[in-house]
Amino acid sequence: MTAAPELLSRHPAFGGAVSFHRHAAAETACTMRFAVYLPPQAERRRVPVLWYLAGLTCTEETFMIKAGAQRVAAELGLALVAPDTSPRGTPLPGDSDAWDFGIAAGFYLDATEEPWSRHYRMYSYVTRELAAVVEANFPVDARRQGIFGHSMGGHGALTIALKHPERYKSISAFAPIAAPMNCPWGQKAFTGYLGTDRERWRQYDACELMRALPTVAGRPPILVDQGLGDQFLEQQLLPERLEQACKDTGYPLTLRRQAGYDHGYYFISTFMEDHLRHHARALLD
C-alpha cells in the first residue's frame with residue numbers, strides 16, 4: 001500500500017485547487033515534495049493527468065506559481081502534477097557548490113556514482129514511486145497521462161516519454177536540453193551522476209533514444225517551443241539536433257522557434273495554453 005502524502009497547503013483556483021504535499025520517498029531515501037492541481041471536473045470523476053518537470057534551480061512550486069496553467073487546465077479538465085527537481089534534506093559533499101549540479105539539478109536520471117546513487121534517483125521516483133502515490137491518492141485516470149517540461153525538465157519529459165510509450169500518450173517541451181551528451185550542462189551532470197562511460201549516458205539523451213527506437217509507428221507527436229532570444233540556445237539546448245534525429249527516424253515533431261523569447265517563465269506562460277491543448281487532444285479523445 002502507498003502511504004497518503006501529507007497535505008501542506010491548499011489553494012482554490014479556477015473552480016479547482018492547487019495543493020502542496022510531502023511524503024517519505026523510498027527511491028530517494030528522503031522526504032520529497034510535489035504539487036497537484038485538480039480541476040473542478042475531478043470532484044465528479046477521474047481526470048487525465050499531465051506531468052510537468054521543471055528545470056534547473058526550480059522546485060515543485062515554480063510551475064504552479066509562474067506558468068499560468070490552471071485556467072486552461074480547469075477548462076479542459078486536466079490534472080497537473082509537478083514534482084521537485086532533486087532530493088533535498090540529505091546533505092552530500094558538493095551538492096550545493098554549483099547551481100547546475102546537485103540540489104535542484106537532479107536531471108531526472110538514476111545516478112550510479114557515489115555519493116549520488118543512494119538519493120539521486122529522480123527517474124525512478126517520478127516514473128514509479130510518485131506515479132503510484134498520485135494514482136492512489138488523487139482522482140486521476142492513469143490510462144490517460146501526458147508529460148511535459150522546461151529546460152532540464154524538457155530533457156526529462158522527452159526521455160521519460162520515449163522510454164514509456166505505454167504510459168504517456170502526449171509529449172511536449174519548452175526549451176529542452178535536447179542533446180545533453182553534447183552540451184556542457186549534460187556532460188557535467190552525466191559525468192557526476194553516471195560516471196565517464198558514455199554508453200550509460202545514452203539512455204538519458206533524447207536524440208540517442210530517438211535513433212534507437214525500433215519503430216515510430218503509433219508514437220505521440222512532440223511539440224517543442226524554443227525562444228530565439230534564449231541565452232542558452234546555442235551552447236546548451238541544441239534543438240537542431242533533436243530536429244535532425246526526428247527527421248532521420250520519421251518521428252512527428254513540431255519545433256516552433258519563437259522570435260525574441262528568452263528562457264524564462266514569461267516565455268513559458270505565453271505558450272502554455274498551446275501546450276495544454278496539444279495534450280488535451282491526445283488525452284481527452
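Bear in mind that the values here come from a model prediction, so they are computed numbers and not experimental data. For this chain, numbers begin at 1 and follow the sequence in order.
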| message | Does T85 form a side chain to side chain contact (heavy atoms under 4.5 Å, CB included) with L56? I'd like the steps, not just the answer. | response | CA-CA 7 Å; T85 50; L56 292 164; over 6 Å; no
Tell me whether [Y] is reachable from [X] by hopping between hydrophobic residues (I, L, V, M, F, W, Y) whose side-chain heavy atoms are closer than 4.5 Å.
X    : Y    : result
L233 : L242 : no
L237 : V224 : no
V36  : Y125 : yes
I65  : L53  : no
M122 : F107 : yes

Reported [atom1]-to-[atom2] distance for the pair [X] and [Y], which is rounded to 0.5 angstrom:
X    : Y    : atom1 : atom2 : value
F190 : R202 : CZ    : CZ    : 11.5 Å
N182 : C207 : CG    : SG    : 7.5 Å
E199 : L194 : CD    : CG    : 12.5 Å
I268 : D262 : CD1   : CG    : 9.5 Å
E240 : Q226 : CD    : CD    : 9.0 Å
R22  : L7   : CZ    : CG    : 10.5 Å

inquiry  = How about CD on E43, more than 12 heavy atoms from neighbouring residues, nucleotides or ligands closer than 6.0 Å, or not?
reply    = no
Over 12 foreign heavy atoms within 6.0 Å of CZ, R198: yes
If only atom types and distance count, is the side chain of [X] paired as donor or acceptor with the main-chain N or O of [Y] below 3.5 Å?
X    : Y    : answer
Y251 : R219 : no
E243 : L255 : no
S86  : G106 : no
D141 : P48  : no
H150 : A54  : no
E208 : D205 : no
R281 : L276 : no
Q235 : P184 : no
E129 : E27  : yes
T62  : C58  : no

- Kindly indicate, with the supporting measurements, whether the criterion side chain to side chain contact (heavy atoms under 4.5 Å, CB included) is fulfilled by R256 and D274. CA-CA 11 Å; R256 307 193 305 185; D274 290 354; 2.8 Å; yes
- Within 45° of the six-membered ring axis of Y168 and under 6.0 Å from that ring's centre, is NZ or CZ of K163 located there? no
Heavy-atom pair with the smallest gap, counting every atom of [X] and [Y]:
X    : Y    : answer
V18  : Y37  : CG2-CD1, 3.6 Å
M210 : C246 : CE-SG, 3.4 Å
E113 : G195 : CG-N, 3.2 Å
T90  : A29  : CG2-O, 4.0 Å
G146 : S170 : CA-OG, 3.2 Å

Hits for side chain to side chain contact (heavy atoms under 4.5 Å, CB included) against A42, two or more places apart or cross-chain, chain-then-number order -> L38, P39, V47, P139
Are [Y] and [X] an aromatic pair, judged by ring center distance below 6.0 Å?
X    : Y    : value
H21  : F138 : yes
F63  : W51  : no
F232 : W185 : yes

_Checking T112 against R200 for the side-chain hydrogen bond (donor to acceptor under 3.5 Å, both in side chains) test, could you report, in this order, the C-alpha distance in whole Å, the side-chain angles of both residues, the deciding distance, and whether it holds?_
CA-CA 9 Å; T112 58; R200 292 184 185 176; 3.0 Å; yes
Side-chain touch [X]/[Y], heavy atoms, less than 4.5 angstrom:
X    : Y    : answer
F34  : V133 : yes
P93  : P115 : yes
D95  : F101 : no
Q236 : D230 : no
V49  : R144 : no

Open item on the list: I'd like to know if the side chain of S124 pairs up with that of D110 as donor and acceptor (distance under 3.5 Å, no hydrogens or angles considered).
Closed with: yes
Review point. Can a donor-acceptor pair be found between the side chains of S151 and H263 at a distance below 3.5 Å?
Key: yes
Exactly one of L130, N137, T31 clears side chain to side chain contact (heavy atoms under 4.5 Å, CB included) with H23, and that residue is L130
Evaluate the criterion salt bridge (charged side-chain N to carboxylate O under 4.0 Å, His left out) for residue pair E135 and R143; output intermediate values, then yes/no.
-> CA-CA 10 Å; E135 184 177 352; R143 300 167 302 173; over 6 Å; no
Given side chain to side chain contact (heavy atoms under 4.5 Å, CB included), test R88 with M32 step by step and report yes or no. CA-CA 7 Å; R88 299 176 195 263; M32 296 293 294; over 6 Å; no
Practice item. Starting from the C-alpha separation in whole Å, work towards a yes-or-no answer on side-chain hydrogen bond (donor to acceptor under 3.5 Å, both in side chains) for E273 and H275. Key: CA-CA 5 Å; E273 180 169 354; H275 283 246; over 6 Å; no
Practice task
In sequence, state the C-alpha distance, the side-chain angles, and the governing distance for Y108 and H155, and then conclude on ring-ring contact (aromatic ring centres under 6.0 Å, His included).
Solution key: CA-CA 8 Å; Y108 304 102; H155 139 77; 7.1 Å; no
Check: According to the interplanar angle, ranging from 0 to 90°, do the rings of Y193 and W116 count as parallel (below 30°), tilted (30 to 60°) or perpendicular (above 60°)?
Finding: perpendicular
The residue among F174, F148, Y266, Y261 that forms ring pair (Phe, Tyr, Trp, His ring centres under 6.0 Å) with F271 is Y261
Any chance you could lay out the side chain to side chain contact (heavy atoms under 4.5 Å, CB included) test for Y204 and L209, step after step, and finish with the verdict?
CA-CA 8 Å; Y204 299 112; L209 290 171; over 6 Å; no
